[in-house]
Student: 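Before anything else, here's the structure in question.
Lettering of chains follows the sequences in order, A, B, ..., and the numbering in each one begins at 1.
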Protein chains: 2
Amino acid sequence: MQGLIDLMAETSTQNPERIAEVLADHGVRPTSQRETVYSSLLQKRDHPTADEVFARVREKAPTISLATVYNCLDVLVQHNLVKAVNFERAPTQYCANLAPHAHFHDEEGRTLDIDMPAGMFEQLRGLLPQNFDVKDIEVNFHGRAPKS
Amino acid sequence: MQGLIDLMAETSTQNPERIAEVLADHGVRPTSQRETVYSSLLQKRDHPTADEVFARVREKAPTISLATVYNCLDVLVQHNLVKAVNFERAPTQYCANLAPHAHFHDEEGRTLDIDMPAGMFEQLRGLLPQNFDVKDIEVNFHGRAPKS
DNA sequence: GTTGCGAATTAGAATTATTCTAATTGGGTG
DNA sequence: CACCCAATTAGAATAATTCTAATTCGCAAC
Ligand SMILES: [Mn+2]
Ligand SMILES: [Mn+2]
Ligand SMILES: [Zn+2]
Ligand SMILES: [Zn+2]
């Protein structure tokens, strides 16, 4: 049994048609490279680095360059289709999960999505004075996750 | 009128004697470079980068090297006297505020400490399954702070 | 007081993720 | 078809940090 988000991902993933549509809806001109990069992020819901995305998309787009992968990822981040996740000084990781969530960074290098109940971000926001303009709140856990 | 933390900082700051003691208490051999670096972090409670620390300590220790500044900061972080703070891919910043707190990253580059009420970190911890071993929780706000 | 030791410091080279540059490509429009 | 301009590309440049290998330092043993 699958959650709503997963179903959505699967649907988008399997319709190249829809990928272009989603990009366009977010103001991103759907080039083939952008479609390939975005599609690869939707297909495997982990948190790959630019290099890992590069490796994955080469199969579908053998002539794509690493610079283009960076360009595509930047555009997707700028248009809120993808989130860039940073942990310590490790290479930036990319996340296509648009639901508000936190990240758990395992000591072995895995990065897991952690659901945040609706009120939690508001509660955190409440720690700041009213006259602060908050654009983003980031919650990162670090530790050891069970091996499973 | 000042808070307890500030008083403590001030006291430590003005007694080179005490700085060495604090280092030793935390298992750090108090070399003159480490004392100078740690002292500089206590004196100005902002969030300097390694380069900024380097610039500041040169006055007191004109022969110190940047490599040593990095070494000292690493040792202080390893022994929990200082926290390393990362935001996006900006140079790592260092924070001598040991009270649990969050960070607000201003769009103009300032970094502010945000107090966290006692229960908040526990509440966040509660979002994870019991069998996760959590070593650290990081909360970063991003946005615009009033100019004041 | 000198010597010996291991840790710390140092200068500079190396690393590496990312950004920049400048040339080329290519999809859509007239 | 030709034009346009954004996107793509290969490769060079950048910059924070780490590494390397040599030197210095503080301290204890003698
Ligand atoms: Mn880690
Ligand atoms: Mn910022
Ligand atoms: Zn995520
Ligand atoms: Zn801080």
Student: Just how far, in rounded Å, is P of C:dA8 from CG of B:D74?
Tutor: 13 Å
Student: Which atom pairs link the protein and nucleotides 28-30 of chain C when you take only N or O atoms and keep those under 3.5 Å?
Tutor:
none

Student: Among the candidates C:dT18, C:dT10, D:dA16, find the nucleotide nearest to the side-chain atoms of B:A67.
Tutor: C:dT10
Student: Any side-chain heavy atom of A:D106 sitting closer than 4.5 Å to one from A:T111?
Tutor: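 No. Closest side-chain heavy atoms not under 4.5 Å.
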Student: Write down the protein N/O and nucleotide N/O pairs, taken from nucleotides 5-8 of chain D, whose separation is under 3.5 Å; answer none if there are no such pairs.
Tutor:
residue: D:dA7; atom: OP1; partner: A:R34; partner atom: NH1; Å: 3.4
residue: D:dA7; atom: OP1; partner: A:R34; partner atom: NH2; Å: 3.2
residue: D:dT8; atom: OP1; partner: A:T31; partner atom: OG1; Å: 2.6
residue: D:dT8; atom: OP1; partner: A:Q33; partner atom: OE1; Å: 3.1
residue: D:dT8; atom: O3'; partner: A:Q33; partner atom: NE2; Å: 3.1

Student: Round to a whole Å and report the spacing from OH of A:Y70 to C1' of D:dA12.
Tutor: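 It works out to 15 Å between those atoms.
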Student: Would you check if A:L128 and B:I114 make a side-chain contact, meaning some heavy-atom pair closer than 4.5 Å?
Tutor: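 The answer is yes; the side chains approach within 4.5 Å.
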Student: Is the shortest side-chain heavy-atom distance between B:L127 and A:P117 below 4.5 Å?
Tutor: yes
Student: Going by side-chain hydrogen bond (donor to acceptor under 3.5 Å, both in side chains), name the pairs with one or both residues in residues 117-133 of chain A, residues two or more places apart or in two chains.
Tutor: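 Of all non-adjacent pairs touching residues 117-133 of chain A, those that pass side-chain hydrogen bond (donor to acceptor under 3.5 Å, both in side chains) are A:Q123-B:Q123.
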Student: Sequence neighbours excluded and cut-off under 3.5 Å, please list the side-chain donor-acceptor pairs for residues 53-61 of chain A, or say none.
Tutor:
residue: A:R56; atom: NH1; partner: A:D46; partner atom: OD1; Å: 3.0
residue: A:R56; atom: NH2; partner: A:D46; partner atom: OD2; Å: 2.7

Student: Rounded to the Å, how far apart are B:R89 CZ and C:dT16 P?
Tutor: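 In whole Å, C:dT16 P and B:R89 CZ are 13 Å from each other.
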Student: Which residues satisfy the ring pair (Phe, Tyr, Trp, His ring centres under 6.0 Å) test with A:Y38, sequence neighbours excluded?
Tutor: none
Student: Report yes if the side chains of A:D51 and A:P91 come closer than 4.5 Å at any heavy-atom pair, otherwise no.
Tutor: no
Student: Among residues at least two apart in sequence or on other chains, which ones pass ring pair (Phe, Tyr, Trp, His ring centres under 6.0 Å) with B:H103?
Tutor: B:H47, B:H101
Student: How large an angle, rounded to 10°, do the end axes of the helix from C:dG1-D:dC30 to C:dG30-D:dC1 enclose when each is built from five base pairs?
Tutor: 10°
Student: Does anything in residues 46-56 of chain B come within less than 4.0 Å of DNA chain D? Heavy atoms only, and list the residues if so.
Tutor: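 Nothing qualifies; none.
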Student: With sequence neighbours left out, what residues match B:R29 under salt bridge (charged side-chain N to carboxylate O under 4.0 Å, His left out)?
Tutor: none
Student: Whole angstrom is fine here: how far is it from CG in A:L73 over to C1' in D:dT9?
Tutor: 16 Å
Student: What donor-acceptor contacts under 3.5 angstrom involve side-chain atoms of residues 67-79 of chain A, with partners at least two apart or in another chain?
Tutor:
residue: A:T68; atom: OG1; partner: A:S65; partner atom: OG; Å: 3.0
residue: A:N71; atom: ND2; partner: A:A67; partner atom: O; Å: 3.3
residue: A:H79; atom: ND1; partner: A:V75; partner atom: O; Å: 2.9

Student: Check the distance between D:dG26's C1' and B:L23's CG and give it to me in whole angstrom.
Tutor: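 B:L23 atom CG is separated from D:dG26 atom C1' by 16 Å.
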Student: How many whole angstroms separate atom CG of B:N86 from atom P of D:dA16?
Tutor: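 Rounded to the whole Å, the gap is 13 Å.
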Student: Rounding to a whole Å, what distance do you find between A:E88:CD and D:dT18:C1'?
Tutor: 15 Å
Student: According to the ring-ring contact (aromatic ring centres under 6.0 Å, His included) rule, which pairs have a member within residues 115-134 of chain B, sequence neighbours left out?
Tutor: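 Listed once each, the pairs are A:F104-B:F132.
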Student: One thing to verify: whether A:K147 and A:E108 come together as a salt bridge, which I'm taking to mean a side-chain N less than 4.0 angstrom from a carboxylate O.
Tutor: no
Student: If the condition is side-chain hydrogen bond (donor to acceptor under 3.5 Å, both in side chains), which residues does A:E138 pass it with, not counting sequence neighbours?
Tutor: A:N140
